[in-house]
Amino acid sequence: MGHRWDFASVLDNHEALLAGAAGTLRLFAICLALGLALGLLVGLARSARSAWIRLPAGAFVEFFRNTPVLVQILWFYFALPILLPFEVGKLAAAALGISLNSAAFSGEIFRGGIQSIEPGQWEGARAIGMTPAQAMRRVILPQAVRRMLPALTNRAIEIFKMTTLASAIAYVELLQQGRLIASLNFNPIEAYTAIAILFFCCLWPLVRLTYFLERRLARSD
Amino acid sequence: MEDPRPLLRVGALAKSFGANAVLRGIDLDVRRGERIAILGASGSGKSTLLRCLNFMEIPGSGTIELDGVVLGRPAAGGARAYREPELVPVRQRIGMVFQQFNLFPHMTALGNVMEGPRVVRRMPAAEARDRALAELARVGLAEKADAYPAHLSGGQKQRVAIARALAMDPEVLLFDEPTSSLDPELVGEVLGTIQSLAREGRTMLLVTHELGFAYHVATRVLFLADGRILEQGTPDEVLKAPRMERTRAFIARHQEFRL
């Protein structure tokens with residue numbers, strides 16, 4: 001039952017793959033930026049002194065951590081437009097689902113990172129007259145982010161892989177294009193193998209980059 | 001001519017942590033130029049007293065008056081309510097040096113000292129840098145400006161921390177056991193730095209276990225026990241001729257193994 005590998009049938013569709021890669025990268029970039037930015041806000045809110053800020057942030061985290069991203073994407077695409085007076089595009093629905101889920105998870109990373117900084121650092125900052133906001137921005141966050149970098153890298157990798165869930169609503173990204181190629185050319189082995197390799201080639205340099213960043217940031221230790 | 005009004009006035013200051021009453025009514029006037037050494041056994045409340053003065057701890061009750069202004073607003077149960085926007089400028093006027101230094105590890109020595117002038121006082125970077133270099137030179141560490149705290153000895157770290165506090169031009173300096181976490185051979189350089197500040201006539205309060213240092217540097221010595229000032233006076237009065245039995249015992253314990 002030897003299989004004759006035939007990647008030519010995949011490469012013939014390189015334009016479709018390129019469109020898929022562009023779609024994946026666009027979705028990834030949006031979700032990474034939005035997910036981390038919202039995650040920082042959630043993490044700050046979760047560390048806030050006021051329960052009026054802390055508790056809603058906690059509810060947000062619990063809700064989005066405990067529901068599947070795929071369900072969220074489908075909900076934003078099929079359910080939300082019924083409640084709203086306008087359409088929700090495929091990119092918007094996928095970006096919302098993945099970003100909010102990532103915000104919940106990275107919010108926990110930010111909270112843990114902020115809380116891991118010794119109380120003495122807050123005291124050192126307050127003793128020279130910093131406001132709490134200045135202390136957070138200049139003293140606490142820079143140290144926290146350094147500690148969180150491995151966890152945030154994992155987050156970025158997860159986000160990248162989660163973009164494939166957007167294929168469920170036929171958003172044009174790598175997996176969606178691979179499935180299309182496989183069904184048109186009857187070559188699922190080659191098509192899906194090619195998709196897996198493409199993902200690896202995108203993610204591996206990302207991981208290397210973060211190792212490099214971690215080493216650079218460790219200089220002061 | 002001496003300023004008749006105290007720079008700092010503490011009235012009936014009390015502070016509890018849960019059921020544990022650490023300060024039980026402290027009254028204290030600090031005049032400009034005074035150098036007050038605060039002694040006491042561990043748990044006597046001396047660090048808490050110091051930490052209340054720049055609101056690292058919020059006092060439970062009592063008043064703190066800085067330059068004639070009573071801080072905070074009256075609240076229920078004899079306590080006072082303090083808001084962060086009121087405390088931030090107060091802390092800029094009252095510098096603090098910690099036992100554990102609390103330097104910012106992600107900044108160089110220069111960065112640590114520049115941080116206050118640049119971020120808090122919004123000085124232009126070049127000016128803040130000159131100021132920070134001058135303060136580092138004052139504590140004898142100009143050549144370590146570009147070193148990160150991890151590459152400094154404990155004594156050097158504490159001197160950088162002193163420079164960081166000085167760069168804010170504080171009217172009062174609080175030292176919270178500044179040499180207690182140092183190896184014995186590094187204590188001298190830090191005490192020497194503090195002594196040179198004393199010669200400049202700065203107002204300072206110092207919690208310390210170095211009785212000899214307190215004797216030579218302080219203008220007044222307080223002995224705390226159970227959250228109260230048990231005895232106070234000149235270094236000669238308190239350290240050479242203590243009136244209270246507990247003060248005598250404390251000093252005897254500290255001199256048990258003298259050469």
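Naming: A, B, ... by sequence-line order, numbering from 1 per chain.
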Trainee: So, the side chain of B:His106 versus the backbone of A:Arg146: is there a donor-acceptor pair under 3.5 Å, distance only?
Mentor: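 No; judged by distance alone, with no hydrogens or angles, the pair does not exist.
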Trainee: Checking B:Phe55 against chain A: side chain, backbone, both or neither under 4.5 Å from a heavy atom?
Mentor: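 For B:Phe55, the backbone is the part near chain A, not the side chain.
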Trainee: What are the two closest non-hydrogen atoms of A:Ala127 and B:Met96, and how far apart are they?
Mentor: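 Closest heavy-atom pair between A:Ala127 and B:Met96: CB-CB, 4.1 Å.
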Trainee: Is chain A contacted by the side chain of B:Leu103, its backbone, both, or neither, given a heavy-atom distance below 4.5 Å?
Mentor: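 Contact with chain A involves the backbone of B:Leu103 alone.
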Trainee: Name all residues meeting the side chain to side chain contact (heavy atoms under 4.5 Å, CB included) criterion together with B:Gln92; count only those two or more places apart in sequence or in a different chain, and write none if there are none.
Mentor: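 Residues passing side chain to side chain contact (heavy atoms under 4.5 Å, CB included) with B:Gln92: B:Val88, B:Val120, B:Met168.
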Trainee: Side chain from CB out, backbone as N, CA, C, O: work out which of these in B:Phe98 comes under 4.5 Å of a heavy atom of chain A, or both, or neither.
Mentor: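 Contact with chain A is through the side chain of B:Phe98 alone.
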Trainee: Tell me, yes or no, whether the heavy-atom count around B:Phe17 atom CZ, taken from other residues, nucleotides or ligands under 6.0 Å, exceeds 12.
Mentor: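 Enclosed: over 12 neighbouring heavy atoms sit under 6.0 Å from CZ of B:Phe17.
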Trainee: Other residues, nucleotides and ligands only: do more than 12 of their heavy atoms fall within 6.0 Å of CD on A:Glu15?
Mentor: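 No - once you tally the heavy atoms of other residues, nucleotides and ligands closer than 6.0 Å, there are 12 at most.
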Trainee: Are A:Thr131 and B:Glu84 side-chain neighbours, meaning at least one heavy-atom pair lies under 4.5 Å?
Mentor: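 They are not in contact (no side-chain heavy atoms under 4.5 Å apart), so the answer is no.
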Trainee: Could you name the residues of residues 175-183 of chain B that have a heavy atom within less than 4.5 Å of a heavy atom in chain A?
Mentor: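 Expected list: none.
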Trainee: Check step by step if side-chain contact (heavy atoms from CB on, under 4.5 Å) holds for A:Glu123 and B:Arg51.
Mentor: CA-CA 10 Å; A:Glu123 295 191 345; B:Arg51 291 167 57 80; 2.6 Å; yes
Trainee: Among the options B:Asn102, B:Asn54, B:Leu87, B:Leu174, pick out the one with the most heavy-atom pairs lying under 4.5 Å from chain A.
Mentor: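 Going by pairs under 4.5 Å, I would pick B:Asn102.
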Trainee: With a cut-off of 6.0 Å (strictly less than), are more than 12 heavy atoms of other residues, nucleotides or ligands near CZ of B:Arg121?
Mentor: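 It does: B:Arg121 CZ has more than 12 such atoms within range.
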Trainee: For A:Arg54, enumerate each residue passing the salt bridge (charged side-chain N to carboxylate O under 4.0 Å, His left out) test, keeping only those at least two apart in sequence or located in another chain.
Mentor: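 With neighbours one apart ignored, the set is empty.
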Trainee: Measure the spacing between CD1 of A:Ile128 and CG of B:Asn112 and express it to the nearest 0.5 Å.
Mentor: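 The distance works out to 8.0 Å.
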Trainee: If you apply the rule side-chain contact (heavy atoms from CB on, under 4.5 Å), what do you find for A:Gln143 with B:Met107, and how did you get there?
Mentor: CA-CA 10 Å; A:Gln143 296 183 64; B:Met107 299 178 194; over 6 Å; no
Trainee: For atom OH of A:Tyr211, is the number of surrounding heavy atoms from other residues, nucleotides or ligands below 6.0 Å larger than 12?
Mentor: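 Not more than 12 within 6.0 Å, no.
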Trainee: Look at atom CH2 of A:Trp75 and say whether more than 12 heavy atoms of other residues, nucleotides or ligands are closer to it than 6.0 Å.
Mentor: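 Yes, enclosed.
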Trainee: Taking side chain as everything from C-beta outward and backbone as N, CA, C, O, which of these in A:Gln134 sits under 4.5 Å from a heavy atom of chain B? Side chain, backbone, both or neither.
Mentor: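 The side chain, not the backbone.
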Trainee: I need the A:Met130 CE to B:Glu115 CD distance, nearest 0.5 Å.
Mentor: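 It comes to 4.0 Å.
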Trainee: B:Arg93: what forms a side chain to side chain contact (heavy atoms under 4.5 Å, CB included) with it, not counting sequence neighbours?
Mentor: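 By the side chain to side chain contact (heavy atoms under 4.5 Å, CB included) rule, B:Arg93 matches B:Leu66, B:Asp67, B:Glu171.
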Trainee: Heavy-atom cut-off 4.5 Å, strictly under: side chain, backbone, both or neither for B:Gln100 against chain A?
Mentor: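 Neither part, no heavy atoms under 4.5 Å.
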